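In this text, all values refer to a predicted model and were calculated from it rather than measured experimentally. Excluded from the calculations below are hydrogen atoms, water molecules and symmetry mates; all remaining heavy atoms, backbone and side chain alike, are included. Per chain, numbering begins at 1; letters A, B, ... match sequence-line order.
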Amino acid sequence: MARSKKRKAEEGDVIRIGDKVISLEGYLTKKPKTQSTIGSPTANSAKGDLRKPHQSSTSQHLSPERVLTTFKPCLPPSGDPQYFAVRQALPLWTRQDDIRRILRRKDVLILVGETGSGKSTQVPQFLYQEQWCRKKKVKVELDGTTQEVSVGGVIAVTQPRRVAATTLAHRVSREVGTPLSSHSFNGLVGYSVRFDHRVPRGTKIKYLTEGMLLQEMLRDPHLRQYSAIIVDEIHERSVDVDLLAGFLKQIICGDKAGRGGVPLKVVIMSATANVESIKRFFSPEDGATEGNGSVEYLRIEGRQFPVEIIHTPKPVPDIEEALLETIIKIHTEEALSDKYGRKDILAFLPGQEQIESAKDRIEEWASGLDPNLPKIKVFPLFGQLPIEAQHQAFQPLPSGFTRKIVLATNIAETSVTVPGVRYVIDCGKAKIKEYRPRLGMESLLPKGISKSSAIQRAGRAGREGPGKCFRLYTKETYESLPESDLPEILRTDILNAVLTMLARGVNDILAFPLMDPPEAESVEKALLHLNVLGAIDDNGIITQMGRKMVMFPVTPPYARVLLAAAEPEYDCLLEVIDIIACVTAGEDIYLQLRSEDEESEAMQLRKELYRREGDLITYLTTMQRYTSENADRTKWCKDRKINVRNMKQALNIRKQLRGLCVKEGMMEDPPKDPQPFTPVSPEQAEKILKAFLKGFALKTAILAPDYSYVTSHGKHVVAIHPSSVLHGQKKEAIMYLDYVYTQKNYAKKVSVVQSSWIAEALGA
DNA sequence: GAGCACTGC
């Protein structure tokens with residue numbers, strides 16, 4: 001009886017791929033369901049707590065070890081007076097004592113602050129002079145011996161985007177009145193993002209991207225240099241912020257021995273009020289209201305102008321038609337400006353195709369416009385647009401008698417702010433990327449947005465004055481929308497997330513605290529894939545190779561390719577770095593050719609970059625030509641319709657990967673640019689593609705007798721995407737880096753391979 | 001014959 005039970009359990013704890021059996025013991029132990037029912041504070045109790053006299057110091061949470069405090073003179077509340085008046089006018093200003101008081105007693109503060117509340121700039125300034133924020137010398141157990149280390153002193157503020165981290169740091173450094181410069185100078189404020197670090201000596205407030213803090217955790221799992229972590233914009237729910245929240249919860253709720261008993265304060269900041277699940281996540285299981293992990297909640301009103309919301313009375317059959325009608329209505333009935341300034345229009349559409357089509361329709365209508373009415377100028381705004389074209393959408397128009405209409409994707413919802421907008425038109429849809437673990441495939445399809453996204457979009461009309469938001473859907477449709485978007489971790493391949501956890505010492509992936517844990521099946525698929533890549537062994541333990549793979553700022557398959565390329569058998573590391581730099585630099589370094597003229601001119605020049613081996617060797621040739629270019633590289637890109645920004649990014653990545661590979665002893669110092677261009681030989685190209693197969697053997701397809709490509713993993717029919725140089729061609733077998741369902745199953749970034757190579761890569 | 005948006009010592 002007991003025996004058969006045991007066998008059954010064992011069977012459930014292994015997975016098989018081919019003839020390999022992987023034990024999942026330790027991974028798949030289900031998380032005990034001990035959801036706490038108490039301890040999630042309400043707004044009322046929060047108020048009640050605030051009236052209590054605050055209790056002194058945090059020493060009660062400290063471990064018995066002696067805490068040596070290094071007393072530094074408290075920095076005077078200096079700062080630039082010209083900013084002081086502005087800071088005082090922020091809604092947050094009057095609540096600073098509340099915030100300080102809360103964090104003296106509690107470890108976690110969840111702060112909801114609407115747009116314009118000033119939370120991202122002010123909260124760290126309110127806190128950095130607090131007693132608990134001083135650097136302390138403490139004793140910790142390290143490798144069996146007691147050592148003295150310093151803990152705390154710095155507040156980290158995480159941001160989902162690089163631009164936000166750097167611009168906030170600039171702003172706050174001006175407000176406190178210290179320079180934002182490199183390591184060698186003194187200053188209170190710094191930032192750290194990929195390719196750009198400015199952390200002055202004595203930095204107390206450090207803005208960084210979420211990914212950067214995760215990266216720091218590889219070296220410093222207890223976040224010893226920090227007294228507090230402020231997680232900003234958590235409502236965006238990137239994979240990185242979800243992982244970060246998990247690690248923070250572990251630190252808060254676990255024992256603080258690794259920090260010498262010094263607590264870590266955490267401030268979670270969200271722009272949307274929908275934080276119930278976040279509150280529940282951070283609330284201690286024992287319901288404690290003080291000390292270890294206790295949570296407080298505070299809400300700060302924003303400083304927005306009112307926005308009138310107008311829904312359509314009936315569902316609209318044709319979005320584009322409704323959009324045009326709404327624009328006509330606004331343009332003919334509403335003033336061009338008022339005492340607050342310009343009154344321009346921002347419309348949210350799902351994608352480039354709808355934007356371009358709508359632009360044509362609007363311009364056609366505007367050409368027959370009554371000459372007494374203001375003119376119209378339409379600006380498209382989406383990520384793949386060259387940077388100069390994007391900037392045009394932000395510039396004020398030279399003529400005062402023209403209304404600006406910006407047609408944008410979701411880029412205008414979070415990443416950029418278009419000035420002058422007082423009317424928002426929301427079509428209610430956005431393209432969403434989703435991952436199907438069972439098919440190993442992504443989809444990119446237009447879907448209904450969430451309520452919080454709709455609110456966010458409407459808010460864009462009230463930044464500079466009272467505004468209006470026209471929703472091209474009914475009130476009932478709005479009411480039926482989900483409260484918030486599905487977090488990224490539930491709609492993406494968690495391969496990298498799982499390896500990230502393993503490398504940071506998480507052995508039981510399913511027991512790791514996550515606000516929204518992915519399906520066990522997704523985790524299993526990721527573990528299987530990591531095993532195929534050699535990052536974990538058959539017992540699910542991270543391997544030497546897995547540890548090396550996390551060192552690289554690329555996804556595990558790319559990291560595997562880098563490691564393969566360094567082996568003598570392949571010996572093509574420099575080439576592989578060039579290719580990976582190109583494919584991870586952005587959506588695509590090649591801009592799509594539009595008009596006939598562009599086609600012929602750029603096409604002619606691109607021809608010399610194109611290679612019949614496929615897209616990867618074409619990318620390599622592009623990078624080699626680009627770096628051999630001595631003259632004007634920007635012009636070189638423009639002539640070939642190559643995205644200058646992405647190409648520069650690719651060059652940065654190339655430099656970073658080269659540096660890492662040298663540091664890891666995988667290669668000697670590479671020759672300096674520019675090197676004369678020599679085309680890669682067919683033999684070398686073969687080695688490169690074979691190295692790529694070590695990471696992408698499962699992303700291959702074989703030509704079937706009916707001339708369709710059938711994937712070797714899953715047996716789906718897949719077509720070569722039109723952006724590929726191999727589009728329309730029939731080869732024995734192909735390897736691709738991306739597999740996305742849009743109009744149909746598409747393989748992107750495609751290369752010609754031989755079926756024997758695939759077998760070889762899978763077998764070895 | 002087609003392309004939501006981010007990120008990574």
So, is A:Thr209 close to the B:dT7 phosphate, meaning a side-chain N or O under 4.0 Å from OP1 or OP2? no

Taking 4.0 Å as the cut-off, does a side-chain nitrogen or oxygen of A:Gln352 come that near to OP1 or OP2 on B:dA2? no

Nearest-neighbour nucleotide for the [X] side chain, [options] considered:
| X | options | result |
| --- | --- | --- |
| A:His727 | B:dG1, B:dC4, B:dG8 | B:dG1 |
| A:Ser415 | B:dC6, B:dT7, B:dC4 | B:dC6 |
| A:His197 | B:dC9, B:dA2, B:dC4 | B:dC9 |
| A:Ser723 | B:dG8, B:dA2, B:dA5 | B:dA2 |
| A:Arg162 | B:dC4, B:dT7, B:dC9 | B:dT7 |
| A:Gln656 | B:dA5, B:dG8, B:dC9 | B:dC9 |
| A:Pro722 | B:dG8, B:dG1, B:dC9 | B:dG1 |
| A:Arg161 | B:dG8, B:dC6, B:dC9 | B:dC6 |
| A:Ile411 | B:dG8, B:dA2, B:dA5 | B:dA5 |

Return the value, rounded to whole Å, for the distance between atom [atom1] of [X] and atom [atom2] of [N].
| X | N | atom1 | atom2 | result |
| --- | --- | --- | --- | --- |
| A:Glu236 | B:dC4 | CD | C1' | 14 Å |
| A:Met217 | B:dG8 | CE | P | 17 Å |
| A:Gln159 | B:dA5 | CD | C1' | 16 Å |
| A:Leu214 | B:dC9 | CG | P | 10 Å |
| A:Glu210 | B:dC9 | CD | P | 14 Å |
| A:Glu442 | B:dA5 | CD | C1' | 13 Å |
| A:Tyr746 | B:dG1 | OH | P | 8 Å |
| A:Leu591 | B:dG1 | CG | P | 22 Å |

Considering every strand and a 4.0 Å limit on heavy-atom distances, what is the contact class for [X]: base, sugar-phosphate, or nothing?
| X | result |
| --- | --- |
| A:Val554 | base |
| A:Thr742 | sugar-phosphate |
| A:Phe552 | nothing |
| A:Asn496 | base |

Charged N to carboxylate O below 4.0 Å: is that the case for [X] and [Y]?
| X | Y | value |
| --- | --- | --- |
| A:Glu442 | A:Lys748 | no |
| A:Glu388 | A:Arg645 | no |
| A:Arg654 | A:Asp578 | yes |
| A:Arg457 | A:Asp426 | yes |

More 5' along DNA chain B: A:Val416 or A:Gln215, using each one's nearest nucleotide?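 By nearest-heavy-atom nucleotide position, the 5'-most residue is A:Val416.
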
Of A:Leu660 and A:Ile432, the one whose closest DNA chain B nucleotide lies more 5':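 This one resolves to A:Ile432.
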
Report yes if the side chains of A:Tyr746 and A:Val718 come closer than 4.5 Å at any heavy-atom pair, otherwise no. no

Would you indicate whether the side-chain heavy atoms of A:Leu533 and A:His529 approach each other to under 4.5 Å?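 Counting from C-beta outward, A:His529 and A:Leu533 do come under 4.5 Å.
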
